[in-house]
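These notes are about the structure you will find just below.
Small disclaimer: the values here were computed from a predicted structure and weren't measured.
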Amino acid sequence: MKNIKKIVKRSGTSFFWSMRLLPTPKRNAMFTIYAFFRHIDDIVDGDLPIPEKEELIKAWRTELDNIYDKKVPTTDIGRKIYKNCMRFKLPKTEFVKMLDSISMELPTPIQAPDIEDFNKYCRGVAGVPGNLTLRIFGCEDEELIEKLSTCLGRALQITNILRDVKEDAQAKRIYIPAQMLAEAGIVSKDPLNVLVDKNLVIAREKLSQLAEADYKEASELVKQLPKKTMRQIRMMTDIYKRYFDIMKNRGWEIISPKPKISKINKLCLIIKAFLGR
């Protein structure tokens with residue numbers, strides 16, 4: 001478990017310290033699924049040739065079959081998923097959604113997707129972690145799990161997109177939907193051209209409005225959770241909301257430097273959520 005813990009800590013996720021406060025079985029499950037997501041991200045973002053990346057994603061589909069067919073997993077993370085996560089009855093379909101969404105980056109990076117693909121991508125890369133997290137925390141209401149993981153996952157992913165727009169463009173990615181670019185008067189879909197377009201601020205603001213609506217909906221849905229689970233979810237999401245608020249308050253025309261939150265301020269947010277304030 002030490003290696004899994006190191007992977008999660010090294011990834012720099014804002015959720016690491018809130019995970020540390022969980023009971024051991026839940027903490028191990030959370031560390032494991034986030035290590036899995038980090039591993040898949042590293043495959044797609046790495047320097048391997050595209051065919052090798054596609055082959056590795058295909059191999060993970062087989063590994064999921066092994067896990068859920070109760071065969072011996074062939075990877076360390078696969079064995080940890082079987083050992084640490086299956087007790088929480090995590091559905092295979094969620095892991096598959098994540099692989100399907102991340103595969104949208106192959107063979108070419110995402111550039112100005114349509115709204116349907118954008119929502120599919122957000123549901124897979126950010127909604128899946130939320131969906132599995134709610135199950136690990138003990139939520140059994142399927143409708144609530146789906147609604148909350150979808151809107152909160154999209155809000156968190158949009159926060160990432162707004163925060164990382166410069167780095168994404170330099171990596172030939174632009175996640176802002178084509179419809180929003182068009183409404184902002186941006187004709188080009190080339191990431192570097194979009195990055196320097198004077199109307200990028202309009203497109204970012206439009207995207208931020210979608211995130212604000214999602215954060216608002218999620219805030220209401222979270223109230224339906226048991227008090228303990230509600231605190232745990234808030235501990236894991238309030239930091240992202242603070243990043244969003246920093247960007248909003250300074251203006252969407254500013255793309256650099258990325259917003260930062262000190263460790264002490266992150267700790268304060270976690271404690272505040274823990275105390276239910």
Side-chain angles (χ1 to χ4, degrees), residues 1-42 60 63-64 66-98 125-142 144-146 148-149 152-153 156 218 221-222 224-240 261 263-277:
M1 230 10 251
K2 289 183 178 179
N3 289 336
I4 293 291
K5 177 181 172 182
K6 287 179 180 178
I7 291 172
V8 178
K9 186 175 183 180
R10 190 168 59 246
S11 73
T13 176
S14 298
F15 299 153
F16 176 76
W17 293 106
S18 55
M19 290 185 208
R20 288 289 304 273
L21 300 175
L22 295 169
T24 300
K26 293 182 179 181
R27 182 173 67 245
N28 289 344
M30 290 296 296
F31 280 163
T32 299
I33 62 171
Y34 273 83
F36 167 73
F37 296 141
R38 181 71 266 165
H39 173 68
I40 300 300
D41 276 343
D42 288 344
W60 263 107
E63 183 74 321
L64 287 174
N66 291 335
I67 293 168
Y68 281 87
D69 291 341
K70 297 184 179 179
K71 298 177 182 177
V72 179
T74 61
T75 64
D76 181 55
I77 293 180
R79 288 188 287 271
K80 289 295 192 299
I81 291 174
Y82 185 82
K83 177 182 177 182
N84 297 325
C85 301
M86 290 303 98
R87 72 180 71 183
F88 297 104
K89 299 179 181 180
L90 306 182
K92 178 182 176 181
T93 53
E94 288 299 310
F95 288 98
V96 172
K97 283 179 183 177
M98 191 272 181
V125 300
V128 166
N131 187 293
L132 300 182
T133 294
L134 285 166
R135 296 173 190 278
I136 291 170
F137 287 172
C139 185
E140 298 180 349
D141 185 328
E142 290 291 335
L144 180 57
I145 289 173
E146 180 60 28
L148 181 54
S149 63
L152 184 56
L156 300 184
L221 290 171
V222 164
Q224 299 180 34
L225 296 170
K227 188 174 181 180
K228 185 176 181 180
T229 303
M230 179 175 67
R231 288 202 305 264
Q232 291 170 327
I233 294 297
R234 281 197 55 203
M235 287 166 61
M236 301 184 71
T237 59
D238 283 3
I239 293 173
Y240 263 78
I261 304 174
K263 289 183 179 179
I264 186 65
N265 285 335
K266 287 182 180 180
L267 181 59
C268 288
L269 287 170
I270 290 172
I271 293 174
K272 183 177 178 181
F274 181 78
L275 296 175
R277 297 178 180 175

In short, P91 meets L132 closest at the heavy-atom pair CD-CD2, 4.2 Å

Tell me, do P129 and I33 make a side-chain contact under 4.5 Å, heavy atoms counted? no

State which residues pass side-chain contact (heavy atoms from CB on, under 4.5 Å) with R87; sequence neighbours excluded, sorted by chain then number. P25

Give the minimum heavy-atom separation between S149 and G130, together with the two atoms involved. CB-C, 3.9 Å

Would F137 and K228 count as a side-chain contact (heavy atoms from CB on, under 4.5 Å) here? Give the steps. CA-CA 9 Å; F137 287 172; K228 185 176 181 180; over 6 Å; no

Side-chain touch K80/F31, heavy atoms, less than 4.5 angstrom: no

Apply ring pair (Phe, Tyr, Trp, His ring centres under 6.0 Å) to F36 and list each qualifying residue two or more places apart in sequence or on a separate chain. W60, F95

State which residues pass side-chain hydrogen bond (donor to acceptor under 3.5 Å, both in side chains) with N265; sequence neighbours excluded, sorted by chain then number. S262

CD1 (I261) and SG (C268) are apart, to the nearest 0.5 Å, by 11.5 Å

Checking E63 now: which residues fulfil salt bridge (Lys or Arg N to Asp or Glu O under 4.0 Å) with it, not counting sequence neighbours? none

Below 4.5 Å, heavy atoms only, C-beta onward: do L148 and L134 meet side chain to side chain? yes

M98 side chain near V125 side chain, heavy-atom distance below 4.5 Å: no

Suppose we screen for side-chain contact (heavy atoms from CB on, under 4.5 Å). Which residues come up paired with T24, at least two apart in sequence or across chains? R27, N28

Measuring from atom CZ of R38 to atom CD1 of I77, what distance do you get when rounded to the nearest 0.5 angstrom? 11.0 Å

pair P73-I81: side-chain heavy atoms closer than 4.5 Å: no

Would the distance check show the side chain of T237 and the main-chain N or O of I233 forming a donor-acceptor pair, the cut-off being under 3.5 Å? yes

Taking side-chain contact (heavy atoms from CB on, under 4.5 Å) as the test, write out the residues that go with K83, two or more places apart. none

When you check the gap from the basic side-chain N to the acidic O, do R135 and E142 get nearer than 4.0 Å? yes

Those residues at least two apart in sequence (or on a different chain) that pass side-chain contact (heavy atoms from CB on, under 4.5 Å) with A126 are Q157

Which residues pass the side-chain hydrogen bond (donor to acceptor under 3.5 Å, both in side chains) test with Q224, not counting sequence neighbours? none

Evaluate the side-chain proximity of V72 to Y82: yes if any heavy-atom separation is below 4.5 Å, no if none is. no

Inter-residue atom distance R231.CZ - L225.CG, 0.5 Å rounding: 12.0 Å

With K97, which residues qualify under salt bridge (Lys or Arg N to Asp or Glu O under 4.0 Å), at least two apart? E94

So which atom in M86 and which in Y68 form the shortest heavy-atom distance, rounded to 0.1 Å? CE-OH, 3.5 Å

4.5 Å side-chain heavy-atom contact, L90 and I136: yes

Please name all residues satisfying salt bridge (Lys or Arg N to Asp or Glu O under 4.0 Å) with K92, sequence neighbours left out, ordered by chain then number. D65

State, yes or no, whether a side-chain contact exists between L144 and C139 at a heavy-atom distance under 4.5 Å. yes

Who pairs with D141 by salt bridge (Lys or Arg N to Asp or Glu O under 4.0 Å), at least two apart in sequence or on another chain? none

side-chain contact (heavy atoms from CB on, under 4.5 Å) assessment of T133 paired with M30: CA-CA 7 Å; T133 294; M30 290 296 296; 3.3 Å; yes

Spacing of CG belonging to L156 relative to CD1 belonging to I239, to within rounding of 0.5 Å: 11.0 Å

